[in-house]
Peer 1: 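First the structure, which I've put down as structure tokens, then a few questions once you've had a look.
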Amino acid sequence: MRFNLNLYSCYRTELMGFAAILIILCHAPSKEWGIPYINYLLCYGNLGVEIFFFLSGLGLAFSLSRHQGSLLPWYKKRYLRILVPYLLIAVPWYYYKYLLGAGDFTRFVINVSTLNYWLYHGGAWFVAVLMPLYLVTPLLFKIMHYHYGYAILIFLSVTCSLLVVFEPSNIGNVFGNIIGTAKRLPCFFLGMIFSYAVKKHKKIPILPVIAIAAFFFVIYKFAFGDGRWLLVFLLIPLVCVSIKKSDILRTIFAFMGNISLESYIANICLLDLGLTYVKSGGIIRYVIVVAIGIIVAYAVSKLKKILI
């Protein structure tokens with residue numbers, strides 16, 4: 001069976017939706033539910049972040065290949081897409097949490113600016129990472145088209161994946177947060193690398209690719225105790241095939257994909273608001289939190305289209 005890589009582009013929105021659902025599941029406070037092994041399985045929902053990184057690298061490479069002239073319009077478009085929904089959700093929440101009553105303006109600024117992640121490992125960390133990542137992406141794209149450019153990006157991918165060796169046990173500090181972020185960037189670099197093959201509708205034998213990804217995952221897991229990012233290259237082709245065959249999955253994933261960033265931000269803030277009650281209330285209350293988050297995310301996505 002040969003897999004057309006262009007499906008990554010065709011189903012990019014649906015794949016973003018699948019990733020958003022994985023992250024929502026990963027955030028579920030399953031330790032309090034008393035269901036054996038569920039927490040272990042839900043932790044793999046963290047793969048949604050790696051899928052986001054892969055699709056972001058892919059999408060940014062596509063947009064840069066079409067872009068001509070000054071980079072300022074490109075930067076403006078990218079940052080507005082992320083900052084508008086983030087600020088629409090984060091500012092009211094952090095205003096309520098730190099300014100209303102407490103009057104802690106410093107904490108408010110640190111959280112809204114996303115510095116909270118780099119300093120204390122808190123808040124919407126994916127947004128915090130995208131800010132500097134967008135800034136250097138045009139340089140990475142330019143490097144990719146130099147002689148041996150692809151080799152350089154592969155080297156960066158391998159180097160970042162091996163940084164897990166230097167990650168401190170206490171990640172709540174600047175150094176730990178930087179290392180913890182860098183080790184999750186291989187999928188972003190590989191997304192950029194894949195962009196040419198995706199654009200050219202290249203076909204690959206799916207079973208050997210899945211087997212190779214599974215093999216390296218086992219090796220990496222055995223050597224470093226991690227390596228779940230390698231499962232992305234096993235999972236995405238299977239999800240694409242499933243989406244292609246199921247209209248129901250395509251509809252659900254497309255809906256979530258159109259509000260993927262908003263749902264992530266809303267989920268983070270709502271969990272911050274109600275985690276204590278969610279833990280005590282179990283699955284039902286968490287489902288309520290997720291449902292409210294999706295409603296908020298949908299409303300913010302509509303407002304974003306008006307503002308941008």
Side-chain angles (χ1 to χ4, degrees), residues 2-20 48-86 126-127 129-161 181-182 184-206 209 213 229 232-233 235-237 239-240 243-244 253-254 257-258 260-261 301 304-305 308:
R2 296 183 69 82
F3 177 78
N4 190 336
L5 289 175
N6 189 249
L7 290 179
Y8 290 168
S9 178
C10 293
Y11 296 140
R12 185 173 181 272
T13 299
E14 288 84 351
L15 289 170
M16 295 283 267
F18 174 72
V49 173
E50 273 71 25
I51 294 175
F52 273 136
F53 275 134
F54 178 82
L55 296 173
S56 295
L58 188 70
L60 292 177
F62 277 176
S63 67
L64 285 167
S65 68
R66 297 189 298 265
H67 184 80
Q68 295 180 349
S70 171
L71 283 172
L72 289 179
W74 186 87
Y75 279 126
K76 179 182 177 181
K77 183 177 181 180
R78 295 295 153 186
Y79 280 113
L80 282 177
R81 283 185 176 182
I82 185 174
L83 287 176
V84 168
Y86 171 70
F126 187 71
V127 175
V129 173
L130 287 183
M131 303 288 282
L133 195 57
Y134 279 2
L135 192 63
V136 300
T137 297
L139 176 61
L140 294 172
F141 183 76
K142 191 171 183 179
I143 289 173
M144 190 171 71
H145 290 83
Y146 286 158
H147 194 49
Y148 299 121
Y150 283 91
I152 293 173
L153 288 190
I154 291 173
F155 173 77
L156 287 174
S157 299
V158 173
T159 301
C160 285
S161 70
T181 298
R184 305 189 74 171
L185 292 181
C187 284
F188 181 81
F189 300 132
L190 293 172
M192 295 188 71
I193 292 170
F194 267 76
S195 62
Y196 178 80
V198 171
K199 196 172 184 180
K200 294 297 182 180
H201 295 238
K202 298 290 186 179
K203 294 182 179 181
I204 60 172
I206 187 169
V209 170
W229 65 272
V232 168
F233 302 97
L235 189 59
I236 291 184
V239 175
C240 284
I243 293 170
K244 189 176 182 180
F253 291 164
N258 285 317
S260 56
L261 179 63
S301 70
K304 179 182 70 175
K305 291 180 180 179
I308 296 180

Peer 1: First locate atom OG of Ser65, then atom CG of Leu60, and finally report the distance between them rounded to the nearest 0.5 Å.
Peer 2: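 That separation rounds to 11.0 Å.
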
Peer 1: So do Leu83 and Met131 actually touch side chain to side chain, heavy atoms under 4.5 Å?
Peer 2: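 SC-SC contact between Met131 and Leu83 confirmed.
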
Peer 1: I'd like to know whether NZ of Lys244 has more than 12 heavy-atom contacts from other residues, nucleotides or ligands below 6.0 angstrom.
Peer 2: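 Open.
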
Peer 1: Quick one, Thr159 and Phe189 - any side-chain contact, counting heavy atoms below 4.5 Å?
Peer 2: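 A side-chain contact is absent here, since even the closest heavy-atom pair is not under 4.5 Å.
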
Peer 1: Measuring from Trp229:CH2 to Cys160:SG, what's the distance to the nearest 0.5 Å?
Peer 2: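 SG of Cys160 is found 10.0 Å from CH2 of Trp229.
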
Peer 1: Within the 4.5 Å heavy-atom criterion, are Phe18 and Ile243 side-chain neighbours or not?
Peer 2: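 They are not in side-chain contact.
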
Peer 1: Do Phe3 and Tyr8 have their ring centres less than 6.0 Å from each other?
Peer 2: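 Yes, the ring centres sit under 6.0 Å apart.
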
Peer 1: Could you check whether Arg78 and Ser63, counting side-chain N and O atoms only, form a donor-acceptor pair closer than 3.5 Å?
Peer 2: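 Yes, a side-chain donor-acceptor pair sits under 3.5 Å.
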
Peer 1: Could you tell me if the side chain of Ser195 sits less than 4.5 Å from the side chain of Met144, heavy atoms only?
Peer 2: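 A side-chain contact under 4.5 Å exists here.
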
Peer 1: For Gly257 versus Ser260, what's the shortest heavy-atom pair and its separation?
Peer 2: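 Shortest heavy-atom contact: O-OG, 3.1 Å.
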
Peer 1: Distance from Met192 atom CE to Phe53 atom CZ, nearest 0.5 Å?
Peer 2: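 Those atoms lie 13.5 Å apart.
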
Peer 1: Could you tell me the separation between the SG atom of Cys240 and the CG atom of Leu15, rounded to the nearest 0.5 Å?
Peer 2: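 These two atoms lie 4.5 Å from each other.
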
Peer 1: Which heavy-atom pair separates Thr137 from Leu133 by the least distance, and what is that distance?
Peer 2: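 Reported closest heavy-atom pair: OG1-O, 2.6 Å.
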
Peer 1: What do the steps show when you test Tyr11 against Val239 for side-chain contact (heavy atoms from CB on, under 4.5 Å), and what is the final call?
Peer 2: CA-CA 10 Å; Tyr11 296 140; Val239 175; over 6 Å; no

Peer 1: Looking at Arg12 and Ser56, what are the two nearest heavy atoms and their distance?
Peer 2: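 Distance-wise, the nearest heavy atoms are NH2-CA, 4.0 Å.
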
Peer 1: Do the rings of Tyr79 and Tyr134 sit parallel, tilted or perpendicular, given the 30° and 60° boundaries?
Peer 2: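 Geometry flag for Tyr134 against Tyr79: perpendicular rings.
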
Peer 1: Show, in sequence, the C-alpha distance, side-chain angles and deciding distance for Phe62 and Val198, and conclude whether the side-chain contact (heavy atoms from CB on, under 4.5 Å) test is met.
Peer 2: CA-CA 10 Å; Phe62 277 176; Val198 171; 3.6 Å; yes

Peer 1: With heavy-atom distances below 4.5 Å as the criterion, would you say the side chains of Ile236 and Leu7 are in contact?
Peer 2: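 No, their side chains stay 4.5 Å or more apart.
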
Peer 1: Look up atom CD1 in Ile82 and atom NZ in Lys77, then write down how far apart they are to the nearest 0.5 Å.
Peer 2: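 Result: 15.0 Å between the selected atoms.
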
Peer 1: Are the ring centres of Phe54 and Phe233 closer than 6.0 Å?
Peer 2: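 When the ring centroids of Phe54 and Phe233 are compared, they turn out to be within the sub-6.0 Å range.
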
Peer 1: Show the nearest heavy-atom pair for residues Ser301 and Asn258, with the distance to one decimal.
Peer 2: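 Between these two residues, the closest heavy atoms are CB-O, 4.3 Å.
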
Peer 1: Please determine whether side-chain contact (heavy atoms from CB on, under 4.5 Å) holds for the pair Ile152 and Tyr146, giving the CA-CA distance in whole Å, both sets of side-chain angles, and the decisive distance to 0.1 Å.
Peer 2: CA-CA 9 Å; Ile152 293 173; Tyr146 286 158; 5.6 Å; no

Peer 1: Hey, does the side chain of Asn4 reach the backbone of Lys203 with a donor-acceptor pair shorter than 3.5 angstrom?
Peer 2: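 No; zero donor-acceptor contacts below 3.5 Å.
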
Peer 1: Looking at CD1 of Ile154 and CG of Leu190, how far apart are the two atoms once the value is rounded to the nearest 0.5 Å?
Peer 2: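 Reported to 0.5 Å precision, the distance equals 7.5 Å.
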
Peer 1: Taking all heavy atoms of Glu14 and all of Cys10, pick out the closest pair and write down the distance.
Peer 2: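 Heavy-atom minimum between the residues: OE1-O, 3.9 Å.
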
Peer 1: Tell me, with the steps shown, if Leu135 and Tyr75 meet side-chain contact (heavy atoms from CB on, under 4.5 Å).
Peer 2: CA-CA 8 Å; Leu135 192 63; Tyr75 279 126; 4.2 Å; yes

